[in-house]
Amino acid sequence: MSERTDVLQGTLALMILKTLQTMGPQHGYGIARRIEQVSEGALQLNQGTLYPALVKLEQQRWIKARWGTSDNNRKAKFYSLTPRGAQQLAAEESKWSRVASLVGRFLVEPAGEA
Amino acid sequence: MDALRRFWARMSEWRRQGSVENDLSAELQSHLDFLIEDHMRRGLSPADARRAAQMELGGLEQARALTRDARGFRLADALVSDARLAVRHLRRTPGFTVAALLILALGIGANTAIFSVVDAVMLRPLPYAEPDRLVAVWEVMSESLSAPGVAPQPAPEQRIAVAPANLADYAARVRSLTSVAAYTPVGANLTGAGPAERLLGEHVTANYFSTLGVSPALGRAFSPDENTAGRDRVAIISHALWQRRFAGTPDVIGKTMRLDETYEIVGVMPANFEALSQPGAIEAFSIWLPIVFDAESSSNRKGHIVQAVARLAPTATVAAASQELAAVSEAMAREFPELGTVRAALAPLRADQVSNVRTMLMVLLAAVGLVLLVACVNVAGLLMVRALSRRREMAVRFALGASRNRVVLEQVVQSLVLAAAGGAAGVLLGWATTRGLVAIAPASLPHIQHAGLDGRVLAFTVITVIITGLVFGAWPAMQAARIDPVDALKDGDRSVAGAWVVRRRGALLVGEVALSAVLLVGAILMIRSMMALERVDLGFNPDNVLAATVALPPTRYDTPEARLKFFESLEARLRQAPGVVDVAFGNRLPLRGDWISGMLIDGDPKYQQAGFQAVSPDYFKTFGIPLIGGRALAASDRHGSAGVALVNAAFSRTFLGGASPIGLVIRRGPAMPPITVVGVVGDVRRTGRNDATGTRAAEFTAQVYLPAAQTTLYPMHLRDVAVRVSPAAVGVPEAIRAAVTALDPDQPVTTIRTLDASLAIGAAQKRFQTFLFALFALVAFTLAVVGVYGVVAYGVSQRSAEIALRLTLGATKTGIVMNIIRRTAIMVVAGVAAGLVAALLSSTLLTSLLFEIAPTDPAAYVITAAGLLIAGVAAGGLAGLRATKVNPITALK
């Protein structure tokens, strides 16, 4: 597939894992809402993006899914973070902040010495 | 790790694909419901809320497809649909499919059959406890080849039986062996209730059964004290004998049976117990008796009389045990000088049992593998031509963005589908072939009766199928990968691609011809071996002679005179039988064993060795052995008259430098009666045409023929009888039985067999290997010739326009055919040359399977080359001839 999706999926995975860590078990709709809110509407996830990502995370056994009932008594599939997923999240977070700070430094001092 | 985990998750999801799909629908639906609910909470009407939500989320179906892709069903789905597609394609071209399936079934079936034989004979565990811990122990003697005063030379080792005195020391001193047992075959007449029957069995030490780890199914094994004289009248019987003669009742234990002497039955072996004396032959052996070593055999280190089997100590390896035994043996040779060059050796029991058929089976397995390779090449060629017709379709798919891997994968899947179908047909063919092989197998292939289709053989076949599919699928896949959409879609490219296929197929063809040349050389070497074997002059005439063994029990016939009287009466009776022309008897007739004794030639103090036969006067007439000099034996040469003998020509060559032996006096020992040589007869190959190795004609050995009626001259027992019958005679075996029964109703007759049948048994293994090898070579040869025809015909069809043009411009048909033949010949010659070199390099593998023929025998190579060239060129010419029949108008349109 195209590069853009890969990058998006990489970051999307991180966002999903982080969401599940902070919010606890969530259904797909809840995850999408939360990401939308945190990004202040910048990220609108449609189903075709969200659910493939969830499937991949589940296959990695970073998250697990179980059918349950929501607050308003609606049947929904709830995703939660596995211990392995928590580890992965920690690793991804530190990697991400390393990359972000590195890239950030480049952007702050644009090619100064050259 | 992650990849693997995802793979397993996918696979398990794939299996419950339906439910996963439903699950996804439900989840997407619930997502939609949440959104609708949110919209309604913000004040939209239910209908508006639904519409808004649907617009926001976009295509449900698209989301579903994307999620499904993420699950990774794509590859598995693709494989399944490729397989379906392949089946559809194959059904659309029945001619091609049937041809390819036939070729594959032949190749895979033959491999399945040969492997099932190899598996049964060489690989399956023997029916004993922990069979891989059992070893055979034997002794070897290096014959001293050096004459006095000449430096000793390395001598070939000859395997001999074990002396019990030595075996006791090996058992005591070799710590790597926990249990050492001795056994030796024995025959006895079972008399009493029911017809007299000759039984085969074994004399064994008490630990024979415990060493093998098999206990009697009923009763007990022997105790060690039963290996002593006076206590040894106990017997263990086979399950079959128990059923046949003792009605299978448990109270058989404690009963007695009459085996020349009276024995108490103490045990019954399980139905599947195999005596070691003849591996795999469960039915043949039915009694086990305790072996008793008298004072002489317990102390005589030169009395090699028993076979031995041993179990390795728990931690010992075969190599360690072998080394230790060799060291012990060396130490014993220093301790007991009478051992001379005798040493002990051991080998795993299974390996030892199949040592004489191992090479044959390996060679057959290799040969059948070559046949499969030839089959693969043929099918690859067919597939390539077929793929060419789908070239344009593939190019379109590439142009539309299909991935190259995907299209190549499709080709591979198609090849595997074809291989699997061919394999299924091959399994059926293999099953039938295995039954046939078992039926024609020589007795020297132990356990072959168990050959059949089981899990192991099927696993082998499945692996063979996969490898086969990948091998012949490689070329079409390569071809698909090479397709350039632009070229392929252009007009007129067909001939370029066709040329590529013609070149590749030409290369494959050279390989195919080479492979079949290797097989043909082997087959011709074997056929020429068989012919050489048949040509060997036995020195006697085996046609229309029927022989039988009448083993008189020494207890009833306890004197030489009693035995002579029996056989003379039998001779008189048989003479009266219809169809009988001549009757002879003796101790051991030709093809029924031998008896060798030391002797002294008067005037020479040194002992010499010669074969000694006690024969009736008509022996030479019956066997067609010519008298060369002196006189024949006469009826008057009886007990009381002067001792006489005939010798053969080899005798005078060996001992007298070819001088006439008439008048020579020999003795079997210094105090023995003198025997005067009165005549010379022709040489015979007593043991059959080939020697023990099977690679050379048997030597003529020195023989002394004593008159059977001069019973004081010889110690051996009269045992065999033979009759020469008129060619149309029938019912002779029955007549022999009736004559014996009339003389003694308790006396069984065994091994009633024509000399030709005995010779056939001796040649059975050679015939088996020759038949199979020739069959394989024939298949490979046929496939190669068909392959040549196919390639040339295809090449010509690619050039049909060119040929038509040439014809129109005035070329002669002969010229065109000659041109095609020349091109074909180049390919065939290249293949033959490569094949002959390969055959020459691998031919030494066949050395031990050939008879009086060198593996480099030029005739085999010349015949192979000529055969392949003629057939190949003929096939090419035929294809060419068809090409000239084209109508120039249609071809040029």
Side-chain angles (χ1 to χ4, degrees), chain A residues 1-2 4-6 8-10 12-13 16 25-37 41 43-79 82-85 87-88 91-92, chain B residues 1-17 19-42 49 52-76 401 403 406:
Chain A
M1 298 289 148
S2 71
R4 226 192 68 215
T5 6
D6 281 347
L8 181 61
Q9 282 199 340
L12 182 58
I16 294 172
Q26 271 299 323
H27 43 68
Y29 180 75
I31 295 170
R33 263 293 107 81
R34 166 75 181 174
I35 290 176
E36 215 174 297
Q37 282 166 9
L43 264 177
Q44 294 258 340
L45 291 178
N46 71 16
Q47 289 182 322
T49 311
L50 176 65
Y51 287 97
L54 284 172
V55 160
K56 285 208 169 132
L57 291 174
E58 201 183 341
Q59 281 175 344
Q60 306 271 33
R61 297 213 212 136
W62 289 338
I63 61 174
K64 55 177 191 267
R66 178 179 299 147
W67 282 92
T69 319
S70 70
D71 306 337
N72 48 7
N73 243 350
R74 194 172 284 286
K75 267 185 80 76
K77 201 171 181 182
F78 281 79
Y79 293 90
T82 63
R84 206 198 295 267
Q87 270 173 28
Q88 176 67 18
E92 286 289 324
Chain B
M1 267 314 283
D2 275 359
L4 194 67
R5 201 176 309 129
R6 282 201 64 190
F7 174 76
W8 279 120
R10 283 173 181 187
M11 288 319 284
S12 63
E13 282 172 2
W14 190 53
R15 276 192 285 113
R16 45 190 182 84
Q17 197 167 354
S19 72
V20 168
E21 197 74 356
N22 288 338
D23 197 69
L24 178 62
S25 294
E27 190 174 12
L28 294 178
Q29 184 61 48
S30 91
H31 189 112
L32 182 66
D33 291 344
F34 276 120
L35 191 55
I36 294 168
E37 212 164 279
D38 271 1
H39 283 311
M40 281 164 67
R41 212 172 289 146
R42 263 183 251 138
Q54 273 167 350
M55 280 172 62
E56 220 169 295
L57 286 179
L60 195 64
E61 201 42 57
Q62 189 196 4
R64 203 176 289 168
L66 285 168
T67 313
R68 204 184 299 133
D69 276 359
R71 279 194 199 284
F73 291 158
R74 261 193 322 175
L75 183 65
S403 94
R406 201 51 202 75

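Below, chain A is the first sequence line, B the second, and so on; all start at residue 1.
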Does atom CZ of Arg42(B) have more than 12 heavy-atom neighbours from other groups under 6.0 Å away?
yes
Going from NE2 on His27(A) to OG on Ser30(B), what distance comes out if it is rounded to the nearest 0.5 angstrom?
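So the gap between those two atoms works out to 7.5 Å.
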To the nearest 0.5 Å, how far apart are CZ in Phe34(B) and CZ in Arg74(A)?
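Going from the CZ atom of Phe34(B) to the CZ atom of Arg74(A) covers 6.5 Å.
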Counting only non-hydrogen atoms closer than 4.5 Å, does Glu37(B) touch chain A with its backbone (N, CA, C, O), its side chain (CB onward), both, or neither?
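Contact with chain A is through the side chain of Glu37(B) alone.
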Pairing donors with acceptors under 3.5 angstrom, does anything connect the side chains of Asp33(B) and Tyr29(A)?
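The criterion, which ignores hydrogens and geometry beyond distance, is not satisfied for Tyr29(A) and Asp33(B).
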Name the region of Ala65(A), side chain, backbone, both or neither, that has any atom closer than 4.5 Å to a heavy atom of chain B.
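Neither part, no heavy atoms under 4.5 Å.
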Heavy-atom distance under 4.5 Å between the side chains of Tyr51(A) and His31(B), does that happen here?
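Tyr51(A) reaches His31(B) side chain to side chain.
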